[in-house]
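Chain A is the first sequence line, chain B the second, and so forth, proteins listed ahead of strands; every chain is numbered from 1.
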There are 2 protein chains.
Amino acid sequence: MARVRLIDVAELAGVSMKTVSNVVHNYPHVAPALREKVQAAIDQLGYRPNLTARRLATGKTGMIALAIPEIDHPYFSELSRHIAEEATRRGYRVIIEQTLSDPVVERAVLSDREAGLVDGVIFHPVRMESLDIAKLDPGTPLVLLGEAAMPVMTDHVMIDNVSAALDATRHLVARGCRRIAFLGVIAADITGSTNQRLLGYQQGLLEAGVPLDPELVFTASEFTAEAGLRSVAEAIERGVRFDGVVCRDDRFAIGALKALHDSGRSVPADVSVVGWDNTFLAAYTSPTLTSVAPQKTAIAAAAFDLLEERIAGYRGVGRHMIVGHSLEVRESAPLAP
Amino acid sequence: MARVRLIDVAELAGVSMKTVSNVVHNYPHVAPALREKVQAAIDQLGYRPNLTARRLATGKTGMIALAIPEIDHPYFSELSRHIAEEATRRGYRVIIEQTLSDPVVERAVLSDREAGLVDGVIFHPVRMESLDIAKLDPGTPLVLLGEAAMPVMTDHVMIDNVSAALDATRHLVARGCRRIAFLGVIAADITGSTNQRLLGYQQGLLEAGVPLDPELVFTASEFTAEAGLRSVAEAIERGVRFDGVVCRDDRFAIGALKALHDSGRSVPADVSVVGWDNTFLAAYTSPTLTSVAPQKTAIAAAAFDLLEERIAGYRGVGRHMIVGHSLEVRESAPLAP
DNA sequence: AAACATCTTTCCAGCGCTGTACATTGACGG
DNA sequence: CCGTCAATGTACAGCGCTGGAAAGATGTTT
């Protein structure tokens, strides 16, 4: 069980360590005969390079950290998958840090007491603000996701939330909806994302000549389907009339569907519903859910593009990449007839 | 931006590297005055220990790998969360490996060409069999999850699938169901888990004196809600009568709910449905889903218990831990009146 | 055949940190 | 006042690997 080292292989093959290293790395200028002999020694001993030592010597870890609020939130688990696959494609391993949206943990992600663990960090902040991030930025290559924070010097990937919310609203308007609600403002804590989506929603209404009605902005107590359900149920109870809902995310939309169903309203006949994130949930609700679909694959690819440039040494000002989105139309708000 | 090293701190503080190291590690026997001086130097320079170097020196990585089929499958994303939290609690970081149920990738997880990356591996195999695993076991501490494989020498954590399936079936029997179907056999590929669940289902029927009817074992083409939907829809079309379904997992159950809804059947009035895994989906279907609930927290804790013993040097025969489960009763199969 | 170019292989100094062995100091009992 | 012991601090040899310089081997050109 004693670990086999490079030098053991070298001795068995009767060559220098470096030659063995060259074989392991497929360095081109190794004579075929030698290469074979060395390979035989490697196989015979079952040699595996020690990654830690390699890292210390090269200064590269081949790992990146992905810091997200919750690994089991459908949007983030799907995003993680894309990031993981892109990482594999590019030869990185991923270590996952769950922040639980806790500002303390988020801060720890950046100001971590250790270094040399990863080559870079992809971070989807929720609570930290631009200033915080700018202050703590430890110099490790960093790419931010989402809309919560976008410090000037840091790279950043997001979709155009305003225009996506506008698309969603237009879609409902085109279906003939005139009393369109927005579900997802969290009392006393409007995040950047929500704000932008709300903006797009309002633009959509203006554009359609529909007056804004504050009563139609439904606030929820927290980011859960349950809270979305309660919010919509209460609105119904208050007697608020509406024929469409743009939801801040799919979870809220699921809550909304349930509340509407419970109150005997039919979706989409009485009320059309649009979700956000196009998580796989959307395909399995009844009715299935029309949802704003960020291009997750593109987000992953863009994040890595930026990150790898940083890793390669880019030190300039932050680049802000806008990734595409679409509206995935399903039963809860089908195309206008 | 040049990295600050231990020796830089040592020079500034006018002490040896080792003393600085002792301060960093809170080694007790350091005179308070010195400790303060060193700490000041650390703060002044913004020193962060280089983890890679530390690892090379100590031989411990403080990381474990979690190898699962799909990170965005609800069961696995929830499990990952528990593993991640348990890891944090115990001072480990987690690197996630997605096998995509690909036998080649699964094999790579074990026979990985590199070493020294992690202290241990928690692995939920799908395709690899016990023999495979036994052969490839590289000596890295390893704990297996699930029922697919359980080589004699390897530690293993699972729930009692037979008894859980029995519980689910009994629950349906108690509701008065007599034509109970089982959904989730994958054609030409009965996995260990499915097999055990099927067994428990059959035991439940026997116990209730209900004859087994092969027609009631619904096979699906793959592990997706869509496939579950098709399987149930076809059964309905064929004229198969049934008043209960035990599903191999929540995804199939979601498909089943949809198929039943589409065919105009009411759940649970006409057909009762039980899912498996108790993923958060179960709480948001309509009707909500009764589901077998493995104790995921306990699984994570048990896996780490075993793994840490292995890491600490245990070399004995494999321990096989059975973790508890329960039946989370919701609307799709409420308690018998 | 000398001079040079090109390909192979070896040598060895680190990468940054920790464990071990050893040196120093001061306190204290006899 | 010295020897002893415990508490502190230091020196330095690795951990296993890679990069770059330099040496050696082979082939080419004139």
Side-chain angles (χ1 to χ4, degrees), chain A residues 1-39 41-42 45-63 91 112-119 139-140, chain B residues 1-39 41-42 45-63 112-119 140:
Chain A
M1 189 57 55
R3 291 233 51 80
V4 179
R5 292 156 309 156
L6 205 51
I7 195 168
D8 301 322
V9 178
E11 276 169 11
L12 177 61
V15 301
S16 76
M17 275 167 61
K18 191 57 206 292
T19 298
V20 179
S21 171
N22 285 340
V23 170
V24 170
H25 286 281
N26 268 311
Y27 178 72
H29 301 301
V30 177
L34 243 204
R35 179 183 296 276
E36 240 171 70
K37 192 161 81 177
V38 170
Q39 187 60 53
I42 290 177
L45 295 177
Y47 169 70
R48 326 257 183 105
N50 179 317
L51 268 202
T52 303
R54 174 130 93 209
R55 283 174 184 173
L56 182 57
T58 61
K60 292 251 151 256
T61 70
M63 300 212 300
D112 211 331
R113 309 210 60 62
E114 294 110 354
L117 179 63
V118 294
D119 293 336
T140 310
Chain B
M1 190 58 55
R3 292 231 48 79
V4 180
R5 291 156 310 155
L6 205 50
I7 195 169
D8 301 323
V9 179
E11 275 168 11
L12 177 61
V15 299
S16 76
M17 277 167 60
K18 191 58 209 287
T19 297
V20 179
S21 170
N22 285 340
V23 170
V24 170
H25 287 282
N26 268 310
Y27 178 73
H29 299 302
V30 178
L34 243 204
R35 178 182 299 275
E36 240 171 68
K37 192 160 82 178
V38 171
Q39 188 58 53
I42 288 177
L45 295 176
Y47 169 71
R48 325 255 183 109
N50 180 317
L51 267 203
T52 303
R54 176 130 94 208
R55 282 172 186 176
L56 183 56
T58 60
K60 291 249 151 260
T61 69
M63 299 212 302
D112 212 331
R113 310 211 57 61
E114 295 111 353
L117 178 65
V118 294
D119 293 336
T140 310

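Taking atom CD1 of A/Ile7 as the reference point, atom P of C/dC12 lies 13 Å away to the nearest angstrom. As a whole-Å value, the separation of A/Leu117 CG from C/dC17 C1' is 15 Å.
Across every non-hydrogen atom of A/Val24 and A/Ile42, the tightest pair is CG2-CD1, 3.9 Å. Taking each heavy atom of B/Val38 and B/Val9 in turn, the nearest pair found is O-CG1, 4.3 Å. The two residues B/Val4 and B/Tyr47 make their nearest non-hydrogen contact at O-CD1, 3.4 Å. Contact detail for B/Met17 and B/Ile7: the closest heavy-atom pair is CG-CA, 3.8 Å. Smallest separation of non-hydrogen atoms from A/Leu117 and A/Met63: O-CE, 3.6 Å.
Here the range on DNA chain D touched by chain B, meaning any atom under 4.0 Å from one of its heavy atoms, is D/dT8 to D/dG16.
Looking at B/Leu56 and A/Arg55, their side chains never come closer than 4.5 Å, going by heavy atoms from C-beta outward. Here the side chains of A/Val20 and A/Val15 are in contact, with some heavy-atom distance below 4.5 Å.
Recorded end-axis angle for the helix from C/dA1-D/dT30 to C/dG30-D/dC1 stands at 50°, based on five pairs per end and rounded to 10 degrees.
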N/O contacts under 3.5 Å, protein versus nucleotides 21-27 of chain C?
none

Look for any protein N or O under 3.5 Å of an N or O in nucleotides 8-10 of chain C and output each such pair with its distance, or none.
| unit_1 | atom_1 | unit_2 | atom_2 | d |
| --- | --- | --- | --- | --- |
| C/dT8 | OP2 | A/His29 | ND1 | 3.0 |
| C/dT9 | OP2 | A/Ala31 | N | 2.8 |
| C/dT10 | OP1 | A/Ser16 | N | 3.4 |
| C/dT10 | OP2 | A/Ser16 | N | 3.0 |
| C/dT10 | OP2 | A/Ser16 | OG | 2.9 |
| C/dT10 | OP2 | A/Thr19 | OG1 | 2.3 |

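Of the possible donor and acceptor atoms, one in the side chain of A/Thr58 sits under 3.5 Å from a partner among the backbone N and O of A/Arg54.
Residue whose closest nucleotide on DNA chain D sits further toward the 5' end, between B/Leu56 and A/Ser21: B/Leu56.
Remark: A/Asp119 pairs with no residue by the salt bridge (charged side-chain N to carboxylate O under 4.0 Å, His left out) rule, at least two apart or across chains.
Applying the salt bridge (charged side-chain N to carboxylate O under 4.0 Å, His left out) test to every pair with at least one member in residues 5-31 of chain B, sequence neighbours left out, gives these pairs: B/Arg5-B/Asp8.
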